[in-house]
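What follows is one structure encoded as structure tokens, with my remarks underneath.
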Amino acid sequence: METQPQANTPPPPSESELLQVRRDKLQKMKDKGVAPFGGKFETTHEPGTLRASFENTLPVKLGGRVLSRRIQGKAGFFDIGDFTGKIQCYMNKKEVGDEAFELFTDLVDMGDWVGVEGETFTTKMGEPTVNVKAITVLSKSLRPLPDKWHGLTDREQKYRQRYLDLISNENSRQVFVTRSQMIAEIRRFLQDRQFLEVETPMMQDVAGGAAARPFETFHNALNMPLYLRIAPELFLKRLLVGGFTRIFELNRNFRNEGISRRHNPEFTMLEAYWAFADFEQMADLVEGLICHLAEKFCGGLLIEHKNEAGEVTRTINLQRPWKRVAYRDLIRAVDPGWFELTPEARKTRAAELGVEIGPNFEDYEVTQHVFEKLVEEKQFDPMFVTHCPKELVPLAKQNAADDSVVDVYELVINGQEISPGYSELNDPIIQRQRLEEQAGEEIQKIDEDFITALEFGMPPAGGIGIGIDRLIMMLTGAESIRDVVLFPQLKRKAE
RNA sequence: GCGCGGGUAGCUCAGCGGUAGAGCAGUUGGCUUUUAACCAAUUGGCCGUGGGUUCGAUCCCCACCCCGCGUACCA
């Protein structure tokens, strides 16, 4: 094969035409003395809120991004929007003058931020509109927006460039606004019940409070390794010891594990502790909280999940009271003779039931896998699974009548764990034994200072965790945790 | 890690051995109550990356990168 002559090699990559056109407009703005990147602009309204509580003949001043334009000769319509929604604007050449009108038609693009000042009116098509008297460029956009009709559908780009997703997809914007409002409401709900919000370390010497691999980092000045927390539990219990008898923390946890539809390496967890309460009261609290959120934000206790075509694919019924069933009863419903089998026979039986079992599984793990595959993943309406085997939950109190199980619930909704709740273990001697049994070889992972704190006396207490991301998924119908986390973790993409 | 699917214009998508297509966006005209505005014309591509096979590869084969779904591991 012959090599191409040098003269035929393509010219060096230049900016695409679309980008160049916008840079040219930027320069033209500067030439006309129009500042393309604006500054302070005092507003009276936001686009969405103005449209939602619209009145005619109202003088208004507001800012937003130009989302669409419909120009027809000597007049034109355009929509401006932000996280509150959008509103239509109208400009008439005769009213605003040639200069302002041509600035708008010639130099302002879809995607630019503008400030408008004018008076509201309703068009003959019935659309609430701002009749613009003056327009101010607040920020020139140098890149074109995604398709105005289809929005941004490429999953990778939605996650990597969330701002584009938020600009162009109404659903996505709504999910994150709702998420924010729900989290604010959770705080209000707990504060109304005299819970105190606290902050405990995210960088910990020993990553305790759950069974998960932590992220490791290093503090130079202290010359010591640190771990990002996998749970705040052990610090919150220290605060119970300190007399903070109703507390909660709502913030990020970090777990160095696989990523999936249900797992992001950093995720938001609520933990709350209520001294002198038990797991049953905590179940009542969680039931009340989630129903409150559903009624406030989802229009009731029937949560409909829809596919992209808008068809209802699942309805979750949150009507109270929620079922409360013992773990072992749920297993017996799958196989009545399960607990009469030998551990070896249980492995065989699990395989017969279609549950894959690893060769080194402990007996309780075999049962737990059967539970996860045949109970949890099939349970969509809320159910409190109570009295789990103690091996699964080393920080909870053993049941008074049967010390092989613990006084806990595991709330399952939408086929996944949403919230655990415990009667917290406050006996320091038993707590040490339980943690040692769990740690096995890795005994250095025991948080000795936590045990010391318990030895000073921790009040009996009920505790809960709520996986906020999964809760939001359930309430908004999102199928992936990435759709409720603004910037989910992705692999670096080579340039 | 393994399996399946995907990566083509700024965006949404066709094309699957024979000169790269459409809609939207953009550009140029026209249009003073439109709203996926409309009418006319038109610009725009390392067809994810690197190797093969072939006269010829966006298309077939191999490897790699990234994304999604499932599964396994971490537990």
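Below, read A as the first sequence line, B as the second, and so on, with proteins coming before strands; counting in each chain starts at 1. Heavy atoms only: backbone and side chains are in, while hydrogens, waters and symmetry mates are out.
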> Watson-Crick or G-U wobble partner for B:rU27, using a 3.5 Å limit on both distances?
Replying inline: B:rA41

>> Applying a 4.0 Å non-hydrogen cut-off, can you work out what A:G151 is touching in the nucleic acid: base, sugar-phosphate, or nothing?
In response: sugar-phosphate

>> If we ignore hydrogens and angles and just use 3.5 Å, is the side chain of A:R261 paired with the main-chain N or O of A:E479 as donor and acceptor?
In response: yes

> With no angle test and no hydrogens, is the base of B:rG23 tied to the side chain of A:D147 by a donor-acceptor pair under 3.5 Å?
Replying inline: yes

> Taking protein heavy atoms under 4.0 Å as touching, what does nucleotides 69-75 of chain B look like 5' to 3' if B marks base contact, S marks sugar-phosphate-only contact and - marks none?
Replying inline: SS-S-BB

> What's the CD1-P distance between A:I167 and B:rC24, to the nearest Å?
Replying inline: 22 Å

> Within the structure, does a side-chain N or O atom of A:R70 lie under 4.0 Å from either OP1 or OP2 of B:rU34?
Replying inline: no

>> Please report the distance, rounded to the nearest Å, between CG in A:N131 and C1' in B:rU34.
In response: 14 Å

> What integer number of Å spans the C1' atoms of B:rU42 and B:rA22?
Replying inline: 15 Å

>> From CH2 of A:W149 over to P of B:rG10, roughly how many Å is that when rounded to an integer?
In response: 24 Å

> In terms of side-chain heavy atoms of A:K491, which of B:rC66, B:rC11, B:rU33 is nearest?
Replying inline: B:rC66

>> Is there a side-chain contact between A:K493 and the phosphate of B:rU49, meaning an N or O under 4.0 Å from OP1 or OP2?
In response: no

>> Can you measure A:D106 atom CG to B:rU28 atom C1' for me and round it to whole angstrom units?
In response: 12 Å

>> Using a heavy-atom cut-off of 4.0 Å across all strands, would you classify A:R160 as base, sugar-phosphate, or nothing?
In response: sugar-phosphate

>> Rounded to whole Å, please give me the gap between CZ in A:F121 and C1' in B:rU33.
In response: 6 Å

> For the side chain of A:L490, counting heavy atoms from C-beta on, which of B:rG68, B:rU27, B:rC31 is nearest?
Replying inline: B:rG68

> When you check the phosphate oxygens OP1 and OP2 of B:rU12, does a side-chain N or O of A:T153 lie under 4.0 Å from one of them?
Replying inline: yes

> Who is the Watson-Crick or G-U wobble partner of B:rC64, with both distances under 3.5 Å?
Replying inline: B:rG48

> Between A:R328 and A:F339, is NZ or CZ placed under 6.0 angstrom from the six-membered ring centre and within 45° of the ring axis?
Replying inline: yes

>> Taking B:rG21 as the reference, what is the distance to B:rA37 when you measure between their P atoms (whole Å, please)?
In response: 28 Å

>> Can you check the distance between B:rU53 and B:rC60, where both ends of the measurement are the C1' atom (answer in whole Å)?
In response: 8 Å

> Say you pick atom P in B:rG10 and the same atom in B:rC31; how far apart are they, in whole Å?
Replying inline: 32 Å

>> I'd like to know if A:Q88 reaches the base of B:rU34 with its side chain, counting only an N/O donor and acceptor under 3.5 Å.
In response: yes

> Between B:rG10, B:rU12, B:rU34, which nucleotide gets closest to the side-chain atoms of A:K124?
Replying inline: B:rU34

> Given atom NZ of A:K158 and atom P of B:rG7, what is their separation to the nearest angstrom?
Replying inline: 18 Å

> Of all the choices, B:rC66, B:rG10, B:rU34, which nucleotide is nearest to the side chain of A:M125 once you look at every atom?
Replying inline: B:rU34

>> Between P on B:rA36 and CZ on A:F78, what's the gap in Å once rounded to a whole number?
In response: 18 Å

>> Would you call the rings of A:F384 and A:Y409 parallel, tilted or perpendicular, taking 30° and 60° as the class edges?
In response: perpendicular

>> Between the side chains of A:R349 and A:D335, is the shortest nitrogen-to-carboxylate-oxygen separation below 4.0 Å, so that they form an ion pair?
In response: yes

> Which of the following nucleotides, B:rA25, B:rU12, B:rU33, is nearest to the side chain of A:D154?
Replying inline: B:rU12

> What distance, rounded to whole Å, do you find between the two C1' atoms, one in B:rC59 and one in B:rG1?
Replying inline: 30 Å

>> Between A:D363 and A:K347 (salt bridge meaning N to carboxylate O under 4.0 Å), is one present in this structure?
In response: no

> Which one is paired to B:rA9, where only Watson-Crick or G-U wobble pairs with both distances under 3.5 angstrom count?
Replying inline: none

> With rounding to whole Å, what would you report as the distance between B:rC13 and B:rG68 at their P atoms?
Replying inline: 16 Å

>> Check the orientation of A:Y90 and A:F77. Use parallel for under 30°, tilted for 30 to 60°, and perpendicular for over 60°.
In response: tilted

> What about A:H387 and A:F279, are their ring centers closer than 6.0 Å?
Replying inline: yes

>> Looking at A:D469 and A:R179, is any side-chain nitrogen of the basic one under 4.0 Å from a carboxylate oxygen of the acidic one?
In response: yes

> Distance between the P atoms of B:rC24 and B:rC65, in whole angstroms?
Replying inline: 39 Å

> At under 4.0 Å between heavy atoms, what does A:K93 touch on the DNA or RNA strands: base, sugar-phosphate, or nothing?
Replying inline: nothing

> Are A:Y227 and A:F215 close enough that their ring centres sit under 6.0 Å apart?
Replying inline: no

> OP1 or OP2 of B:rC11 less than 4.0 angstrom from a side-chain nitrogen or oxygen of A:Q157, does that happen here?
Replying inline: yes

> So which nucleotide from B:rC67, B:rU32, B:rC66 ends up closest to the side chain of A:A75?
Replying inline: B:rU32

> Considering all heavy atoms of both residues, which atom of A:A75 and which atom of A:F101 are nearest to each other, and what is their separation?
Replying inline: N-CZ, 3.5 Å

> Mapping A:S68 and A:P146 onto RNA chain B by nearest heavy atom, which one lands closer to the 5' end?
Replying inline: A:P146

>> Would the base of B:rU34 count as contacting A:T123 through its side chain, where contact means a donor and an acceptor less than 3.5 Å apart?
In response: yes

> Atom CZ of A:R51 and atom P of B:rU35: how far apart are they, to the nearest Å?
Replying inline: 15 Å

> Using purine N1 to pyrimidine N3 plus N6-O4 or O6-N4 for Watson-Crick, or N1-O2 and O6-N3 for G-U wobble, each under 3.5 Å, what pairs with B:rC2?
Replying inline: B:rG70

> Touch check for A:K25, heavy atoms < 4.0 angstrom, all strands: base, sugar-phosphate only, or nothing?
Replying inline: sugar-phosphate

> According to a strict under-4.0 Å criterion, is A:K148 in side-chain N/O contact with OP1 or OP2 of B:rC24?
Replying inline: no

> Watson-Crick or G-U wobble partner for B:rU58, using a 3.5 Å limit on both distances?
Replying inline: none

> Using the C1' atom in both, what is the distance from B:rA41 to B:rG51, to the nearest Å?
Replying inline: 44 Å

> Mind checking whether A:F78 and A:F104 have ring centres under 6.0 Å apart?
Replying inline: yes

